[in-house]
A.B. asks: 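The structure that follows is given in the form of structure tokens.
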Amino acid sequence: MAQLILMPDKERSALKRHPWLFAGSVGRLVGRARAGDTVEVLADDGRPLGRAAYSPQSQIRARFWTFDAAETVDDAFFKRRIATAVARRAALPELAGQEGLRLVHAESDGLPGVIADRYGDTVVVQLTSAGADKWRSAIVAGLVKATGCDRVYERSDSDVRGLEGLAPTTGWIHGTAPSVPLSIGENGVRLGVDIAGGHKTGFYLDQRENRRLLAELAGEKEVLNCFCYTGGFSLQALAGGAASVLSIDSSGPALAQARANLALNPHLPGVRAEWLEADVFQALRDFRKEGRQFDLIVLDPPKFAPSAAHADRASRAYKDINLLGCRLLRPGGLLMTYSCSGGIGLELFQKIVAGAALDAGRDARIVRRLAGSADHPVALNFPEGEYLKGLLVQVD
Ligand code: SAH
């Protein structure tokens with residue numbers, strides 16, 4: 001096995017068990033290693049730090065598989081790690097029985113570059129790093145073993161693969177396509193999931209708990225759901241007894257799936273739902289001119305800032321929609337607002353929302369802080385895992 005020797009005094013983050021080694025902290029490679037190969041990581045003084053996957057093309061030059069320098073990274077390693085990740089979910093009562101569930105959350109489950117989501121009896125896997133890509137068949141075998149699922153679909157088409165020099169790869173890698181369209185039950189609502197063409201692995205499982213909260217809050221309210229995608233929040237608002245739910249998205253296919261999802265739920269009062277294909281920035285401005293008002297507004301936009309480098313522009317976009325959102329709320333109304341940008345921290349996000357309320361001339365207070373569901377845990381040694389943050393704000 002090749003050895004990756006760190007620069008002098010660059011072992012601190014590894015000693016704190018942070019799984020990434022940036023190019024700037026790597027001194028030299030002793031021996032030969034290709035993309036995805038496992039290398040032994042050593043401090044400059046020769047102290048062994050663990051074993052990592054080598055990514056010669058990426059700024060994240062290596063990702064630790066293990067901080068135990070004696071642990072072998074082989075098929076059995078992946079079987080163990082995946083079984084542990086699945087067991088973690090099974091041990092949390094709130095996740096028991098969920099048909100849609102994230103089984104493996106990458107670094108936070110000790111498996112950098114590996115995402116696995118379960119939709120009924122189908123697992124969708126996304127491999128985003130050279131190391132994860134290399135161990136594809138061990139990972140698939142581990143998922144099949146740990147879940148008993150006999151279908152695994154690969155959705156390795158995320159942009160970040162490009163940074164690793166990996167081409168997109170998609171398709172069935174275990175079993176065959178189910179004969180009926182895939183759907184999951186979530187808090188009493190049925191949702192179709194397009195694993196081949198949808199976002200991420202097909203659905204935003206990370207918002208499950210927040211959608212449930214919306215159902216609790218929506219009773220009798222006029223709800224506006226911005227960036228609705230396939231209607232997850234919209235349907236929960238209807239289930240919670242909303243007076244009306246207006247949902248906006250710029251994607252025609254997402255709205256088509258949202259309408260189909262509503263049709264899957266004949267118990268919901270579909271006449272109270274309205275779908276609008278539009279740019280949210282424009283639509284909110286138009287509503288303002290028309291003097292429209294709402295009791296509860298959800299803002300769950302796409303990632304405006306994939307990294308800290310985009311933070312400035314993204315901040316303006318978040319400010320803009322939150323400002324418009326505050327203006328469209330009736331007194332006492334609720335703003336449920338999110339950022340899933342890794343490049344925008346919680347503190348900055350709160351500042352942006354505060355600035356938005358101030359500019360809207362509205363006093364407002366945080367009544368709840370919101371985060372991703374429990375199947376998207378954040379490892380304490382990997383704070384970067386906390387990408388989704390949200391605030392429930394009550395506006396005077
Ligand atoms: N809340 C959803 C997930 C939202 S994902 C859920 O719980 O499932 C973000 C959505 O924003 C995507 O569906 C995308 O099509 C949409 N989108 C991106 N930019 C937009 C814009 N400017 N106006 C309207 N929709 C937009």
Side-chain angles (χ1 to χ4, degrees), residues 98 100-102 117 119 158-159 182-187 189-195 197-215 217-218 223-240 245-262 264-265 273-287 296-306 310 313-314 316-322 324-325 328 335-342 344 370-373 375-376 387-392:
Q98 289 294 347
L101 188 68
R102 174 149 298 188
D117 290 339
Y119 300 109
S158 139
D159 292 344
L182 260 186
S183 71
I184 55 166
E186 183 189 90
N187 301 319
V189 162
R190 185 136 295 273
L191 298 155
V193 179
D194 178 3
I195 57 169
H199 294 178
K200 308 226 274 187
T201 64
F203 192 59
Y204 290 86
L205 291 169
D206 53 357
Q207 290 283 29
R208 180 194 314 106
E209 279 310 297
N210 296 322
R211 287 189 286 259
R212 196 175 58 83
L213 174 64
L214 181 66
L217 298 169
V223 176
L224 173 64
N225 180 18
C226 299
F227 310 96
C228 69
Y229 187 49
T230 59
F233 277 105
S234 315
L235 268 55
Q236 287 299 337
L238 290 175
V245 183
L246 172 55
S247 307
I248 310 176
D249 204 282
S250 56
S251 157
L255 287 171
Q257 177 79 62
R259 285 197 170 91
N261 284 345
L262 180 57
L264 288 176
N265 294 274
E274 197 188 325
W275 309 97
L276 180 62
E277 183 174 337
D279 171 41
V280 165
F281 293 84
Q282 189 56 49
L284 297 189
R285 286 195 165 75
D286 294 345
F287 291 164
L296 203 172
I297 298 179
V298 180
L299 297 174
D300 184 25
K303 212 186 311 183
F304 291 146
H310 307 82
R313 230 187 114 193
R316 283 194 291 276
Y318 286 116
K319 168 91 178 275
D320 201 20
I321 50 171
N322 281 282
L324 289 161
L328 294 174
L335 183 68
M336 192 184 239
T337 181
Y338 298 94
S339 163
C340 62
S341 293
I344 304 272
L370 309 166
S373 310
D375 48 345
H376 295 60
Y387 64 98
L388 179 62
K389 64 264 334 164
L391 298 171
L392 182 64

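As the structure lists them, so they are numbered: ligands from 1, and atoms in each ligand from 1. Worth knowing before you read on, the calculation uses all heavy atoms, side chains too, and leaves out hydrogens, waters and symmetry mates.
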A.B. asks: The criterion is side-chain contact (heavy atoms from CB on, under 4.5 Å); which residues satisfy it with A371, sequence neighbours excluded?
C.D. replies: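 Testing A371 for side-chain contact (heavy atoms from CB on, under 4.5 Å), a comparison that skips the adjacent residues, returns none.
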A.B. asks: Which protein N or O atoms sit under 3.5 Å from any N or O of ligand 1? Give each pair with its distance.
C.D. replies:
from, atom 1, to, atom 2, distance (Å)
ligand 1, 1 (N), F227, O, 3.4
ligand 1, 1 (N), D300, OD2, 2.6
ligand 1, 7 (O), R211, NH1, 2.8
ligand 1, 13 (O), D249, OD1, 3.3
ligand 1, 13 (O), D249, OD2, 2.7
ligand 1, 15 (O), D249, OD1, 2.6
ligand 1, 22 (N), D279, OD1, 2.7
ligand 1, 23 (N), D279, OD1, 3.4
ligand 1, 23 (N), V280, N, 2.9
ligand 1, 25 (N), S250, N, 3.0
ligand 1, 25 (N), S250, OG, 3.2

A.B. asks: Who passes side-chain contact (heavy atoms from CB on, under 4.5 Å) against S158, sequence neighbours left out?
C.D. replies: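 Once residues adjacent in sequence are excluded, the partners of S158 under the side-chain contact (heavy atoms from CB on, under 4.5 Å) criterion are Q126, T128, V160.
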A.B. asks: Check the orientation of Y229 and Y204. Use parallel for under 30°, tilted for 30 to 60°, and perpendicular for over 60°.
C.D. replies: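 Aromatic pair Y229/Y204 classed perpendicular.
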A.B. asks: Please list, chain by chain and in numerical order, all residues satisfying side-chain contact (heavy atoms from CB on, under 4.5 Å) with E186, sequence neighbours excluded.
C.D. replies: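 In terms of side-chain contact (heavy atoms from CB on, under 4.5 Å), with neighbours along the sequence ignored, E186 is linked to L191, F203, R208, R211, Q236.
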A.B. asks: Would you mind checking if D117 and K200 are paired as a salt bridge, meaning a charged N to carboxylate O distance below 4.0 Å?
C.D. replies: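 Looking at K200 and D117, the cut-off is not met.
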A.B. asks: Taking only Lys NZ, Arg NE, NH1 and NH2, and the carboxylate oxygens of Asp or Glu, determine whether D279 and R285 approach each other closer than 4.0 Å.
C.D. replies: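 So D279 does not pair with R285 through a salt bridge.
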